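Report on one structure; see the data block that follows.
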Amino acid sequence: MIRSDDGNKNYSRRKFLKRGIAFALGSTSAGAAIYLALEGSKIDQFLSRSSKSILSRFGTPVHLLNSVQLSRTQEERMVKRIESLKEQHNSGGKKFENKGFTELLRRSIRNDFRKGRIVIVEGWFLSETEFGIFLYNKKKKYLG
Amino acid sequence: MIKEGRNIKNGTELEYDLCIIGSGPAGITLALEMESENKRICILEAGGKKEVVKETKEFFRGENVGLPYDIERSRSRCFGGTSNRWAGYCAMLDPEDMEEKEWVPLSGWPISFKELLPYYKKAHEIVGLSTFEYDPEKWTGKDHELLEFKGGLINHKIWYFKNLRFAEKFKKDFEKSEKIDVFLNSTVTVINKPVNSQVVRSVIVNTSETDTFTIKADHFVLACGGMENARVLLAQNEIKKGKFPNNNIGKYFIEHPHYFNSFDMLLFGKRSNSFLYRKGKVMDGDDYRIRPFFQVSSKIRDKMHFPNMVFKIIHSIKPEKSYLNILGMMKRLYRSGDRNFRISNIVIMAEQYPNSSSRITLTDKKDKYGIPFLRLDWRLTDKEVKKAFNCTEFLGRQLGESELGRLKIRLFFNKGKLKRVGYGSHHLGTTRMSKTPEQGVVDSNCMMFGVRNLSIAGSSVFPTGGCSNPTLTILAMTIRLADHLKKIL
């Protein structure tokens with residue numbers, strides 16, 4: 001069973017996944033399909049929590065967020081980008097591990113800098129993705 | 001020989017082949033280069049062997065009506081000139097600094113970088129730098145790695161650093177020399193040139209308020225420094241209107257705007273702690289060192305109309321509390337330990353473009369020898385500041401895209417607008433070099449337009465200044481001038 005997000009439990013999550021995959025590969029395709037149908041929702045939950053756990057580690061620096069005057073549309077756009085990265089990660093199938101999601105974030109950050117999508121936060125030149133992570137965390141916290 | 005001007009009898013007339021006014025790096029270099037010719041040379045230095053601050057203040061007082069600038073302290077009135085305050089940075093101009101740019105009015109030198117290059121090599125010898133290597137890759141090695149920016153849009157520009165005082169280094173040479181006479185405490189107050197003549201006949205030298213002596217020479221070279229060259233010439237026009245009728249004297253004052261303490265740079269990865277960015281490459285047992293600074297490539301500068309700028313990593317700083325969130329994010333994203341993070345303070349040194357409103361004029365007040373004090377009106381345009389900011393922003397983007405670090409703006413900019421600006425005490429452009437007298441004061445050989453036997457040496461002849469400390473270029477240009485004088489004298 002997948003429990004909370006701290007480090008030790010990551011091991012059991014990975015173990016769970018490996019077992020699932022091993023089971024799926026080791027059985028007939030029909031069996032795998034049934035298994036995935038039954039456990040699919042749990043895997044989704046896990047993937048979602050996995051990227052969520054990474055995001056939550058970046059924190060919600062309120063003073064930084066307050067220092068930037070952004071319109072609601074701009075904020076929403078940035079949050080949506082993070083959500084879409086999460087979805088992209090979740091649907092990636094193979095990229096179950098944390099590393100995959102961090103890579104995805106880094107790629108998005110590189111693209112932001114390349115395309116000039118920059119936010120100046122207390123003097124820091126940050127990419128919209130980086131700032132979006134803070135905004136995302138704030139939103140999630142606010143929603144409880 | 002080094003002589004005390006005050007010991008020369010009032011009213012004495014002396015004759016030389018070449019008279020150099022000023023004993024700064026340009027004056028000293030020119031005299032030493034010309035020593036091999038069988039010529040009698042004199043150097044007239046307004047100050048003494050050592051600087052007397054009170055006297056400097058008395059003669060160099062001025063009025064500042066432009067951007068904040070310390071007129072007194074950015075000059076030195078003694079043997080060795082402003083080299084006594086030199087930070088020791090040696091760097092060549094970039095080839096494109098000397099080229100004409102259609103988006104910069106009055107840009108372009110009448111001479112090419114290629115023409116100047118051999119003189120830079122000689123300048124290295126004078127300063128005492130045993131190497132002439134400006135390829136950054138040649139200075140890399142273990143613990144001396146360079147950061148690798150993707151796409152080649154950010155380059156490294158090599159700077160040499162040598163702690164040198166010209167007066168100390170060359171004093172003995174002058175004391176021994178039989179061909180060169182250095183007169184101390186000898187201030188040129190009058191340049192005798194009839195209004196309709198193209199020849200300077202003599203100069204009158206004051207050693208006190210009452211005592212003077214005269215120097216007659218075949219050729220005169222004004223080498224008093226970027227501000228004083230203009231002041232001396234403008235003062236002559238006050239004595240006799242139309243003596244030097246060129247309208248460009250004193251105009252186009254250029255500095256290297258310094259944005260001190262303006263940015264912090266967070267660097268991550270192993271190479272962030274490379275010695276090249278810390279101490280630099282130490283040479284000859286710490287006699288001099290080499291350091292690379294960041295520079296946006298000329299291709300991008302041309303495309304985006306950015307000024308030439310160098311970003312100098314000065315020293316590491318402790319992260320402020322407000323940096324912790326950003327640092328934490330970077331550590332998690334890039335999985336880098338504390339050892340591979342470095343936060344450094346950055347100094348930016350930028351190029352300024354020629355602007356006739358940025359200038360030196362004279363005040364009504366005069367020093368005790370009757371020479372009017374100067375009035376400085378140093379100006380930067382909003383466009384220049386904005387472009388400097390945009391160029392820095394570009395570096396910030398490249399750091400991010402190359403996953404090398406992040407940039408943080410500190411004090412100097414506020415939403416791209418300038419709050420304060422520093423300077424490098426580099427006085428350029430006030431007797432600029434050009435192809436025609438309509439656009440400048442001296443020709444491509446540093447000869448003053450309309451005067452057959454007066455040359456100007458020093459940074460005042462630079463039409464544009466790039467973003468490199470000017471001393472090495474001053475020396476290179478002076479050696480080139482010496483070559484020209486060897487032909488005509």
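As the structure is a prediction and not an experimental result, all values here were calculated from the model. A note on names: the letters A, B, ... follow the listed sequences, proteins ahead of strands, and every chain is numbered from 1. Just so it is clear, the values below take in all heavy atoms, side chains as well, and ignore hydrogens, waters and symmetry mates.
Here the shortest heavy-atom pairing between B/Arg406 and A/Phe125 reads CD-O, 3.6 Å. Across all non-hydrogen atoms, the minimal contact from A/Arg110 to B/Glu401 is CD-O, 3.5 Å.
Atoms CD and CE, on A/Glu130 and B/Met330 in that order, are 4.0 Å from each other to the nearest 0.5 Å. Here CG of B/Leu333 is found 9.5 Å from OG1 of A/Thr129. Values are rounded to the nearest 0.5 Å. In this structure, A/Trp124 CH2 and B/Met329 CE are separated by 12.0 Å, a value rounded to the nearest 0.5 Å.
Side-chain contact check for A/Phe113 versus B/Leu399: every heavy-atom pair is 4.5 Å or farther apart.
Other residues, nucleotides and ligands place more than 12 heavy atoms under 6.0 Å from the NZ atom of B/Lys150. Within a 6.0 Å sphere centred on CZ of B/Phe161, heavy atoms belonging to other residues, nucleotides or ligands number more than 12. Around the CG atom of B/Asp382, the shell of radius 6.0 Å holds no more than 12 heavy atoms that belong to other residues, nucleotides or ligands.
Both the backbone and the side chain of B/Glu393 come within contact range of chain A, judged by heavy atoms closer than 4.5 Å.
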